[in-house]
Colleague: 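Structure provided below as structure tokens; questions to follow.
Letters A, B, ... mirror the listed sequences (proteins, then strands); counts begin at 1.
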Amino acid sequence: MDMDNEDFKVPIKEKKKAYEVDFTSLSQTAIEKMMDSELEHIAGIFGVDRDTAALLLRHLQWNKERLIEKYMDNASSVSIDAGISSPSTSTSSPTIPSAPGPSRRTTSRSSTKVLGPSPSTSKQRRTPPPAKKYTPSATSFTCHICFDDSPSLKTRALGCEHTFCLGCWVDYLGSRIRDEQELVIPCMAESCALRAPDSFVRAILVPDAGSPEAKSMTPEEKAAGQKLWERFGELGVRDFVGANKALKYCPYPACTNTVSCPSASTKASLTRIVPIVTCGARGIPQTSQSPSSSSSSPALNPYAAGGGSSDNTTLDTAASKEHVYCFGCPVESDHRPVVCGVARMWLKKCADDSETANWIKSNTKECPICQSTIEKNGGCNHMTCKKCKHEFCWVCMGPWTEHGTQWYSCNRYEEKAGIDARDQQSQSRASLERYLHYYNRWANHEQSSKLSLDLYAKTEKKMESLQSSSALTWIEVQFMRKAVDQAVRCRRTLQWTYAMGYFLENDNMKELFEANQRDLERSVEELSELLEGPVPVDKEGIGVLRQKVTDKTVYVQMRNEVMLEDTANGLVEGRWKWNAPVEGFSYEEDGDVDVLP
Amino acid sequence: MDARLRRVNKEIADCKNDTTSNIKIELVGDTPFHLKGSFPGPEGTPYEGGHFEVDIVIPEQYPFSPVKMKFMTKVYHPNVSSASGAICLDILKDAWSPVLTLKSTLISLQSLLCSPEPNDPQDAEVAKHYTTSKASFEETAAYWTQIYAGGPGKKTSSANSAPVRDEIAMAGLERAHVDQFEALGFERTKVIEVLRRLNYRGANVASISEDKVVEELLR
Ligand SMILES: [Zn+2]
Ligand SMILES: [Zn+2]
Ligand SMILES: [Zn+2]
Ligand SMILES: [Zn+2]
Ligand SMILES: [Zn+2]
Ligand SMILES: [Zn+2]
């Protein structure tokens, strides 16, 4: 397909970073234009109308080359398969309902007549069907679906002349399009494989204004028809997008945008890049809300779809966020820096081992010194026992003092020495322990993100009251929001670095990777700690906190850039070696991993 | 009136007025959307003489989505689940057309009894039985017709008492085979279940070792 047509490109941003991919966002209208030019092309080559071209292209999944080849080889056979024409001699003639016979669908393929939507420019002549099965006679017609026989009954039929009343066609189209999400609309007669062309569907659902059909429709019927016709258009776009590897439909509910990302259209490309894209839209269409800068009470409601009165400004993670998704896989979130294949393996591993790992998700742990129960209530891992004042790390349960300077081995799984390799039991225990090390940290960052957002909701109230009591502007209290935003973003990166770390071969490259991970993790924890500390009550105190938080936010952002840049460069350079087979990567006999060409 | 209701009512009335076919449709409750269909088993088949009842549910989208049907009478047939009565028939799924009616669909069920399609089975065990030994299959199907569908049977037992269910005949197995393994100390029901699962019939008997059967019995 011709994707290079400049007319359709709406550049979102220039590529500037190693961890970003080039992509363009396309509206439904833009995709429809692309489809149109494909239709024009085929209609021109074959000398058929656009309806016929559409049925042909959809039948062959928009593969123009294959269609041309097959059509040149045997046009009538392709036309039958695509539901454009009927076989001329059919042993399974559609049964008349008043004399039904026991029936199983049989298909017979023989010579054909073109009965379908008449190709206006074609040399082919439309021949009358062998028998008029349901054709209304001037005297009486009974619709064989609803049994209505009133003389004023309006009827419709495809080229096969299997005639039914208009009301039944409307109901049938509704059932196909709305309930079954089907673009293909076969004739209602039994064993008739003819398919309704777009113009036929359109004339029923949205008849031309001024036509007798349009005049006899109630406003409700018109609205329902319009809605179905729009849905039909969407299904057409989805069909086209689904057939093209360089396109992907936005997975967010009710969004009709598409992203074009040719650089991520092959399996091999997914070993070198992590194609995180955005369709350009935000939020959920029905409840879309525009951030209002004039609001003095920005509330936080990260997972609600809106509706609240003060719910008009939200964080990056909130309902009004951009539609971010992965072009290369079904994961609906930003899984950088890890490649799709590894992300998939990690999620599968987590799903398989979910029960073993469940206890880690629990929000309570025991103090390593006095064993009293401690509940985690913020994103920070620096825990202080209320009873004995012991300070420790939530993740590794080690004393916090050692983390302060070195973050010692909190991000790194030390392969325990002295494991008897032949001892099956200790080996499987070791492998479980290893998994839990990574899973623990993965789950912790996810949990910390949520808790940070919860905590921010509380902090924000404090900031609001502060704003009124200490003459700070709304802008001046925004640093907290930005910091939480950044912390959440970095924790998402950290989360996926643990997925990556789990599958990385132990080598020098992994050590460098872990050094970056450690730096990012430490700075995020420091930022979280600042955010969770007491909020000063005076203007001076706020000023000091603001400076500290702002500086830390900038630093954290820088560490995140380093982490993402380095891992992305490593992918392109083939620097990362996996300890398990990953889809798309090939393995040589000596165990080296190479990227397929 | 609602189009679906009008159509179903007309279908029911048409079926009543039609004296030539032997298909019956009756109401189950107050609405015509839950019905009971019935027809006699086709002549010249193991189902001959039986009376077969079908549960019919008219879906909201009828006639644009297919009617839901399942056998209420137990049937021994490759395309009907021997446990649930679920039916594997194309017109009840993808090949449904809104011009098909309840009557024409019931006629299709009747004709399905004449011509099983073991390659597209609903009940794999029954289908295996059918392909291994058609004669033995037909004997079992006729026995089921006698037990469940009020069929004539062989009239060997004394006339007035209801037929006693013979579990071995129900499973389509040979009495000698069941006796053979029962003699080893296994329970009869267990033996029947295993032999049925292994399709211990006809030519298969030679290819399934006694050890294999015992192994399965011990599981
Ligand atoms: Zn037709
Ligand atoms: Zn009608
Ligand atoms: Zn979107
Ligand atoms: Zn992905
Ligand atoms: Zn303690
Ligand atoms: Zn730690």
Colleague: Do you know which two heavy atoms are closest between B:Arg7 and A:Phe147, and how far apart they sit?
Modeller: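 Looks like O-CE1, 3.9 Å.
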
Colleague: Roughly how far, to the nearest 0.5 Å, is CD1 of A:Ile145 from OH of B:Tyr62?
Modeller: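 One gets 10.0 Å once the value is rounded to the nearest 0.5 Å.
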
Colleague: At a heavy-atom separation under 4.5 Å, does B:Pro63 approach chain A through its side chain, its backbone, both, or neither?
Modeller: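 Just the side chain, heavy atoms under 4.5 Å.
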
Colleague: Can you confirm whether B:Lys134 is buried at NZ, in the sense that more than 12 heavy atoms of other residues, nucleotides or ligands lie under 6.0 Å from that atom?
Modeller: no

Colleague: Please report the interatomic distance CZ(B:Phe64) to CZ(A:Arg176), rounded to the nearest 0.5 Å.
Modeller: 12.0 Å

Colleague: Between atom OG1 of A:Thr142 and atom NZ of B:Lys10, what is the distance when rounded to the nearest 0.5 Å?
Modeller: 7.0 Å

Colleague: What do you reckon, is NZ of B:Lys16 surrounded by more than 12 foreign heavy atoms closer than 6.0 Å?
Modeller: no

Colleague: Quick one: what part of A:Cys168 sits under 4.5 Å from any heavy atom of chain B, side chain, backbone, both or neither?
Modeller: both

Colleague: Search all heavy atoms of B:Arg6 against all heavy atoms of A:Cys146 and return the closest pair with its distance.
Modeller: NE-O, 3.4 Å

Colleague: Which heavy-atom pair separates B:Ser97 from A:Ala189 by the least distance, and what is that distance?
Modeller: OG-C, 3.4 Å

Colleague: Around atom CG of B:Asn17, are there more than 12 heavy atoms of other residues, nucleotides or ligands at under 6.0 Å?
Modeller: yes

Colleague: Surrounding CD of B:Glu174 (heavy atoms of other residues, nucleotides or ligands, distance under 6.0 Å), is the total greater than 12?
Modeller: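 Open: at most 12 neighbouring heavy atoms sit under 6.0 Å from CD of B:Glu174.
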
